[in-house]
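First the structure, in the form of structure tokens, and then the observations on it.
All values below come from the heavy atoms of this structure, side chains included, with hydrogens, waters and symmetry mates left out. We count ligands from 1, going down the list as the structure has it; atoms in each ligand are counted the same way. None of these values were measured; they are calculated from a predicted model.
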Amino acid sequence: MAFSKDFFWGAASASHQVEGAWDEDGKTPNIWDALIENKIAFGDHARVACDHYHRYKEDVALMKKIGLKSYRFSISWARIFPDDSGKVNEKGMQFYINLVNELVNAGIEPMCTLYHWDMPMWLYNKGGWEKEENNAYFVQYAEACVKALSDKIKYWLTFNEPECFIPAGYDSGAHAPFLRKDEKTVLAVTRNVMLSHGMAVKKMREVACQPIKIGTAHAACVTSPINETSEEIEKARISSFETPRPYFCSWWGDPVVLGKRQVGTDYLSDEDLKIIHQPLDFYAFNMYNADGYGAEKNKSNPRAYPGYPLTAMDWQITPECLYWGARFCYERYGLPIMITENGMANIDFVMLDGKVHDPQRIDYVQRHLQWLKRATDEGVPVIGYQYWSIMDNFEWALGYSRRFGLIYVDYPTGERTLKDSAYFYAEVIKTNGENL
Ligand code: GCO
């Protein structure tokens with residue numbers, strides 16, 4: 001069956017990681033602007049980042065050169081609502097209108113994430129996700145974006161990886177707002193984010209200019225069988241979803257997509273579930289690797305052996321994750337699957353010949369897509385793959401020290417260079433995956 005003709009071959013980014021222009025055209029600080037002192041590697045910050053805010057035309061031209069069919073980006077909430085007045089900052093919105101027009105004119109489908117972790121400071125100061133009454137601000141924000149942009153944007157994601165930003169922001173304290181809260185607070189945040197999602201989805205459909213498609217970008221972390229026996233596959237399936245692993249996949253997917261409580265989610269009432277569980281159009285997930293399940297292996301780190309292949313993030317390279325992820329998530333949630341992130345950080349630099357040779361990334365993408373293709377061959381409806389990331393960017397607490405991009409960014413000058421992997425990906429897109 002291979003990839004469908006209208007498969008969304010794309011790449012992704014997030015507002016705070018690429019835009020820069022942190023205080024321009026009325027934007028006010030967000031939690032990743034204001035709370036990062038002594039928190040980011042090398043003291044980096046995202047005030048300029050890739051300067052995508054000013055260079056978006058050049059960036060879209062490069063996307064066109066690669067042949068992207070889709071581009072996943074996020075909106076900076078503090079650009080749209082710089083304060084709590086409820087008044088849209090038209091200049092901030094205009095940036096996204098311009099970006100979307102540029103994409104559409106280049107034949108690239110825009111896909112928009114509403115919340116990719118950059119909460120406005122004014123909202124954080126009111127208690128942010130900890131306060132249920134603040135959920136209304138998210139609905140207001142979603143409404144404004146959909147009203148202004150849904151004439152051109154069909155694909156929407158409410159949240160990026162709640163499974164990650166909540167534990168990292170409120171439990172381990174590794175990400176903004178860098179808090180270490182008790183379990184009760186973490187669960188309250190979780191519940192509020194889920195409620196905000198449900199309330200926003202309802203509102204978004206009401207105000208959209210055309211029928212829109214809505215999902216959430218989950219951080220799916222499946223377990224894959226090491227040997228494909230039916231017994232191991234079943235164990236992997238159970239371990240992927242049914243082991244109570246707060247903040248992973250089913251912790252969110254079950255209430256949000258199925259309207260069901262997962263083990264340990266009894267803090268959600270029946271009333272909450274009714275709000276949270278809104279019909280969605282696709283199941284999206286970000287996936288970088290999987291745990292391997294093998295009865296005889298060490299369960300806490302089943303794949304690792306000395307010298308196991310790792311990316312520059314020290315993440316294990318397990319390309320079969322996309323197959324098992326797509327298959328298991330489709331079995332469980334029954335919705336078309338979209339890969340909203342997958343990619344690798346590599347040690348990239350401009351070489352003597354002026355090019356960026358990144359064969360590891362080419363190999364990574366090729367392997368992962370081969371496994372994804374197996375899922376489509378077996379009939380799993382996969383509608384798109386968004387490589388993370390279109391360009392090198394601000395990798396949160398790691399600053400600029402990790403490069404995931406198809407496009408190399410020289411931060412002091414802003415100069416962009418297509419990496420070899422960008423040319424490889426261009427061929428994949430041109431042949432609709434036949435060259436894999
Ligand atoms: C995430 C985010 C991205 C990251 C990427 C690499 O999953 O953390 O969605 O913003 O940059 O995943 O870590």
Inset, instruction - Quick one: look up the protein heavy atom nearest atom 10 (O) of ligand 1 and list residue, atom name and how far away it is. - result: Gln17 OE1, 2.7 Å

Legend entry - Numbered atoms and elements of ligand 1 in range of Asn160, under 4.0 angstrom, heavy atoms: 2 (C), 9 (O)

Inset, instruction - Around atom 8 (O) of ligand 1, find the nearest protein heavy atom and jot down its residue, atom name and distance. - result: Trp117 CH2, 3.1 Å

Inset, instruction - For this output row, return yes or no: ring centroids of Phe8 and Tyr155 closer than 6.0 angstrom. - result: yes

Inset, instruction - Check if Trp315 has a non-hydrogen atom at a distance under 4.0 Å from any atom of ligand 1. - result: yes

Inset, instruction - Could you list which atoms of ligand 1 come closer than 4.0 Å to a heavy atom of Tyr288? - result: 5 (C), 6 (C), 12 (O)

Inset, instruction - Name the orientation class of the two ring planes belonging to Tyr425 and Trp9 (parallel below 30°, tilted from 30 to 60°, perpendicular beyond 60°). - result: perpendicular

Legend entry - ligand 1 contacted by Arg402 (non-hydrogen, < 4.0 Å): no

Legend entry - Short side-chain to backbone donor-acceptor contact, Asp272 and Leu195, under 3.5 Å: no

Legend entry - Pairwise distance CZ(Arg416) to CG(Asp51) - rounded to 0.5 angstrom: 7.0 Å

Inset, instruction - Report yes if the distance between the aromatic ring centroids of Tyr53 and Trp22 is under 6.0 Å, otherwise no. - result: no

Inset, instruction - Write out the residue and atom name of the closest protein heavy atom to atom 11 (O) of ligand 1, then the distance separating them to 0.1 Å. - result: Glu395 OE1, 2.7 Å

Inset, instruction - Just need the protein heavy atom nearest to atom 7 (O) of ligand 1, so name the residue and atom and give the distance. - result: Glu161 OE2, 2.6 Å

Legend entry - Distance filter under 4.0 Å to Phe404 heavy atoms, resulting ligand 1 atoms: 6 (C), 13 (O)

Legend entry - For Asn286, atoms of ligand 1 separated by under 4.0 Å from a heavy atom: 9 (O)

Inset, instruction - Report the part of Asn393 in contact with ligand 1, treating N, CA, C, O as backbone and CB onward as side chain, heavy atoms under 4.0 Å; options are side chain, backbone, both, neither. - result: neither

Legend entry - Atom indices of ligand 1 within 4.0 angstrom of His116 heavy atoms, with elements: 2 (C), 3 (C), 9 (O), 10 (O)

Inset, instruction - Kindly state whether the ring of Tyr141 and the ring of Tyr115 have centres lying under 6.0 angstrom apart. - result: no

Inset, instruction - Could you tell me how the ring of Phe159 sits relative to the ring of Phe165: parallel (under 30°), tilted (30 to 60°) or perpendicular (over 60°)? - result: parallel

Legend entry - Aromatic ring pairing Trp122/Trp77, orientation class (parallel under 30°, perpendicular over 60°, tilted between): perpendicular

Inset, instruction - Do me a favour and list the nearest non-hydrogen protein atom to atom 9 (O) of ligand 1 with residue, atom name and distance? - result: Glu341 OE2, 2.6 Å

Inset, instruction - Measure from the ring center of Trp396 to the ring center of Trp32 and say whether it is less than 6.0 Å. - result: yes

